[in-house]
*Asks:* 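Structure in structure tokens, see below.
Every chain is numbered from 1 and lettered A, B, ... according to where its sequence line falls, protein lines coming before strand lines. Just so it is clear, the model here is predicted, and its values are computed rather than measured.
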Protein chains: 2
Amino acid sequence: LPERGLGPNGDLIGRPGSRTRLHTPALVLDLDAFEANLDRMAGKAREAGRALRPHAKSHKSIEIARRQIGAGARGVTCATLAEAETLAGGGIGGVLLSSPVVQPGMIARLARLNTSAEGLMVVVDHPAPAAALDRAAAAAGKPLEVLIDVDVGAGRTGVASLEDALALAGAIRQLASLRLAGIQAYYGQLQHIAAYAERAAAAAEQKRRISAAVDALRDAGIRPGIVSGSGTGTHHMDLADGPFSELQVGSYLFTDQDYRRIELEPGGGSPFRPSLFVAATVISVNQPGCTIVDAGLKALATDSGVPVPARGTAKGATYGFMGDEHGAIRAEPGTGLPPLGDVIELLTPHCDPTVNLHDHYHVVRGNELVAIWPVDARGH
Amino acid sequence: LPERGLGPNGDLIGRPGSRTRLHTPALVLDLDAFEANLDRMAGKAREAGRALRPHAKSHKSIEIARRQIGAGARGVTCATLAEAETLAGGGIGGVLLSSPVVQPGMIARLARLNTSAEGLMVVVDHPAPAAALDRAAAAAGKPLEVLIDVDVGAGRTGVASLEDALALAGAIRQLASLRLAGIQAYYGQLQHIAAYAERAAAAAEQKRRISAAVDALRDAGIRPGIVSGSGTGTHHMDLADGPFSELQVGSYLFTDQDYRRIELEPGGGSPFRPSLFVAATVISVNQPGCTIVDAGLKALATDSGVPVPARGTAKGATYGFMGDEHGAIRAEPGTGLPPLGDVIELLTPHCDPTVNLHDHYHVVRGNELVAIWPVDARGH
């Protein structure tokens with residue numbers, strides 16, 4: 001594949017006013033908001049005496065992972081083997097791979113990665129791949145740390161019952177090249193419940209189940225040092241009480257449109273600010289009542305509604321998808337539309353899959369492009 | 001950005017049975033179906049005496065563009081400047097950029113590209129960027145060929161009326177470094193009308209408008225040598241009659257789930273076969289009634305419904321999105337689910353944005369991986 005370098009915006013770094021002259025479509029990261037979000041979550045975790053292992057599937061960036069660890073995180077969580085390879089290859093320690101690896105070829109890759117990556121862990125939810133992981137770790141010459149993945153209502157991966165958790169723990173203890181380090185219990189299905197009290201009640205029920213599993217493992221002589229889970233939606237309540245030793249928060253860095261709808265703290269406030277936008281240029285103005293911009297469904301994820309105009313447009317303006325490469329900006333009567341050639345910004349509807357569409361973060365401070373960071377694990 | 005090379009599947013090229021051992025998620029291109037589609041459309045165009053300038057936004061691949069030109073296409077169409085740079089940089093001549101370029105920085109890039117790219121053309125739909133393109137082409141020292149983009153009901157880019165088309169043509173003729181080569185009239189809004197007769201009636205109405213515009217330009221002393229438009233949905237009727245000198249067909253190569261719903265030829269048949277799939281591994285089997293695979297909304301576009309299990313699953317199996325990295329395969333009662341570790345394949349719901357999520361085509365012949373082609377303009 002061709003060298004992607006810094007892309008066409010590389011020459012704009014450090015130029016005053018460059019934020020509004022970006023070649024588009026371009027992913028924009030507002031550094032002031034990003035740093036505030038990074039520090040706020042780190043501070044909340046420190047005060048609560050719990051660790052963070054932020055989910056890197058949100059950002060896929062070595063630079064951002066470094067900053068999270070610099071702010072106190074004990075590592076990062078990755079969703080895929082390729083993500084883990086990319087971040088560990090960039091020098092990031094303490095990578096937890098949060099999804100099972102079961103195919104022989106991919107297990108061999110993971111065992112190879114383990115020989116060079118410091119603090120690597122992976123989840124398992126079935127005895128067969130546990131045995132295969134053990135053989136591969138033995139062949140590679142380095143034991144592998146694993147967490148038992150426990151389903152807590154997401155209906156996706158994880159053992160389905162306490163009995164299965166205990167049986168799998170027993171099986172893992174018989175495997176000489178696996179080290180059982182704890183459990184993962186991620187309730188993704190609760191993260192987007194809008195009302196704080198409703199989300200807290202649902203989380204409390206699952207946390208009782210997780211605590212019971214921890215107790216049962218202790219009773220069986222297994223001490224699950226790590227209990228990994230939670231997310232941005234439930235971070236506040238999971239820092240306050242419950243079994244988690246570490247939180248896999250991700251979206252707090254960006255605070256997309258999805259998370260703006262949610263009461264993140266009691267009383268409806270959010271400790272975080274939107275930091276992630278997509279810049280687009282007005283490229284056509286021949287339609288009555290709208291202007292056309294050059295960002296469509298290849299620049300903005302479509303799984304969670306529409307982006308929201310956030311900069312360069314009148315208050316109340318809306319965005320509508322117009323195919324792969326285009327969108328329509330509409331304004332309330334009398335408020336005016338941005339003119340031909342203007343660069344506007346859209347608040348992303350769902351941060352993770354939108355980041356995955358781009359090669360670079362265009363990092364801005366105020367109105368100036370100050371850096372370009374690669375989305376290292378884009379597409380991985 | 002790190003070198004992406006051939007990815008983890010590079011070692012599987014040429015190994016018998018490798019199709020079912022791919023590291024996943026992986027984009028799979030069935031070469032037999034692909035070649036049949038390529039030849040079928042080329043043959044239909046040849047018989048009809050019309051040219052093809054296939055839309056490369058579907059595939060974003062230098063190798064595929066070469067094969068299209070090898071089969072007789074006069075070039076390719078690109079949706080973005082970055083796509084045009086990538087394909088022209090790969091030696092592809094006759095690139096038409098089908099969306100207006102209006103920003104000063106991006107216009108300068110286009111004028112630079114024009115000095116090295118053979119047969120480059122770009123659309124314009126407004127006098128202001130036409131004047132800016134003229135200045136940039138003059139500064140770069142090579143005239144630029146342009147087509148007037150005419151809106152034919154898509155409500156996106158393009159001049160909105162015949163009067164505007166004539167005025168813009170007159171303006172372009174005054175610009176010493178622009179060459180007016182014809183018009184573009186793309187009715188994307190008609191491509192997915194399912195019933196052939198209904199689509200043909202709607203297209204006929206627009207084709208009368210396009211022919212009237214061509215006649216009016218001729219009466220004004222302008223000979224629009226190129227009339228570019230059409231798509232896979234309307235290709236059969238647009239080869240049969242109407243004003244198009246060249247067709248911008250794209251999806252015919254892949255025939256995604258969207259296009260399988262559509263009567264592409266009178267009587268309901270399709271001359272094309274599905275060739276594009278996403279391979280996924282069964283990574284968890286702890287849920288009742290479903291298995292979990294490792295391809296979610298970062299491997300499969302979500303804008304057009306759900307993917308359809310096509311290989312490795314029982315007849316009637318369904319796929320449901322389960323977040324960024326996961327999906328659930330459900331089967332009809334009594335038909336059985338694929339076991340842990342199996343690699344299955346999903347027919348893509350919408351080919352263009354799905355290709356854009358991947359770095360590589362895994363090109364298979366029967367059950368063997370025979371090549372890996374980069375998605376060169378992925379994310380561009």
*Asks:* For a quick test of reading the model, state the closest non-hydrogen atom pair linking B/D376 to B/E63 and the distance between them.
*Replies:*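 Shortest heavy-atom separation between B/D376 and B/E63 comes out as OD2-N, 4.4 Å.
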*Asks:* Just do the side-chain contact (heavy atoms from CB on, under 4.5 Å) check on B/I372 and B/Y361 with the steps written out, would you?
*Replies:* CA-CA 6 Å; B/I372 295 178; B/Y361 292 96; over 6 Å; no
*Asks:* Among A/N356, A/D11, A/L22, A/D294, which residue has the highest count of heavy-atom pairs closer than 4.5 Å to chain B?
*Replies:* A/N356
*Asks:* Does any heavy atom of chain B fall under 4.5 Å from the side chain of A/I292, the backbone, both, or neither of them?
*Replies:*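 Just the side chain, heavy atoms under 4.5 Å.
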*Asks:* Counting heavy-atom pairs closer than 4.5 Å to chain B, which one of A/A328, A/G327, A/G158 comes out on top?
*Replies:* A/G158
*Asks:* Are a donor atom and an acceptor atom from the side chains of A/T157 and A/D125 found within less than 3.5 Å of each other?
*Replies:*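 No - no donor-acceptor pair under 3.5 Å links their side chains.
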*Asks:* Between A/A132 and chain B, which part of the residue has a heavy atom less than 4.5 Å away: side chain, backbone, both or neither?
*Replies:*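 For A/A132, no heavy atom lies under 4.5 Å from chain B.
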*Asks:* For the residue pair A/S58 / A/D352, report whether a side-chain donor-acceptor contact shorter than 3.5 Å exists.
*Replies:* yes
*Asks:* With chain A, which of B/G105, B/G155, B/P353 has the greatest number of heavy-atom pairs at distances under 4.5 Å?
*Replies:*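 Top option by heavy-atom pairs under 4.5 Å: B/G155.
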*Asks:* Report which part of A/R156 has an atom under 4.5 Å of a heavy atom belonging to chain B: side chain, backbone, both, or neither.
*Replies:*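 Both parts, backbone and side chain.
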*Asks:* Between the side chains of A/N9 and A/H362, is a donor N or O closer than 3.5 angstrom to an acceptor N or O?
*Replies:* yes
*Asks:* Can you give me the closest heavy-atom contact between B/P129 and B/I107, atom names plus distance?
*Replies:* O-CD1, 4.3 Å
*Asks:* Side chain, backbone, both or neither: which part of A/L81 has a non-hydrogen atom closer than 4.5 Å to chain B?
*Replies:*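 Contact with chain B is absent: no heavy atom of A/L81 under 4.5 Å.
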*Asks:* Which bit of B/A154 is near chain A, if near means a heavy-atom gap under 4.5 Å: side chain, backbone, both or neither?
*Replies:*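 B/A154 touches chain A through backbone heavy atoms alone.
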*Asks:* Is it the backbone or the side chain of B/V285 that comes under 4.5 Å from a heavy atom of chain A, or both, or neither?
*Replies:*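 It is the side chain, since no backbone atom gets that close.
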*Asks:* With distance as the sole criterion, is a donor-acceptor pair present between the side chains of B/H350 and B/D256 under 3.5 Å?
*Replies:*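 No, no side-chain donor-acceptor contact under 3.5 Å.
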*Asks:* Check whether any side-chain N or O of B/S18 sits under 3.5 Å from a backbone N or O of B/I13 as a donor-acceptor pair, and report yes or no.
*Replies:*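 No, because the side chain of B/S18 does not come within donor-acceptor range (under 3.5 Å) of the backbone of B/I13.
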*Asks:* Please flag which part of B/I62 lies under 4.5 Å from any non-hydrogen atom of chain A: side chain, backbone, both or neither.
*Replies:*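 The answer is neither part of B/I62.
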*Asks:* For chain A, which of B/E85, B/R109, B/R21, B/Q189 has the most heavy-atom pairs under 4.5 Å?
*Replies:* B/R109
*Asks:* Could you tell me which portion of B/D151 (side chain, backbone, both or neither) has an atom closer than 4.5 angstrom to a non-hydrogen atom of chain A?
*Replies:*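 Contact with chain A involves the side chain of B/D151 alone.
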*Asks:* Please classify the contact between A/H326 and chain B as side chain, backbone, both or neither, with a heavy-atom cut-off of under 4.5 Å.
*Replies:* side chain
*Asks:* Name the option with the most non-hydrogen atom pairs under 4.5 Å to chain B; the candidates are A/G296, A/A299, A/C290, A/P100.
*Replies:*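 Among A/G296, A/A299, A/C290, A/P100, the one with the most close pairs to chain B is A/P100.
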*Asks:* Are B/R378 and B/H358 linked by a side-chain donor-acceptor pair shorter than 3.5 Å?
*Replies:*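 Result is no, nothing qualifies.
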*Asks:* Taking all atoms of both residues into account, what is the closest heavy-atom pair of A/V343 and A/R19, and its distance?
*Replies:* CG1-O, 4.2 Å
*Asks:* Relative to chain B, which segment of A/T80 carries a heavy atom at a distance below 4.5 Å: side chain, backbone, both, or neither?
*Replies:* side chain
*Asks:* Sort A/T24 into side chain, backbone, both or neither according to what part of it lies under 4.5 angstrom from a heavy atom of chain B.
*Replies:*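 Interface part for A/T24: both.
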*Asks:* Under a 3.5 Å threshold, yes or no: a donor from one side chain and an acceptor from the other, between B/S98 and B/T77?
*Replies:*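 Their side chains do not contain a donor-acceptor pair, so the 3.5 Å distance test is not met.
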*Asks:* So which of A/S99, A/A301, A/S161 has the largest heavy-atom pair count under 4.5 angstrom toward chain B?
*Replies:*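 Heavy-atom pairs under 4.5 Å are most numerous for A/S99.
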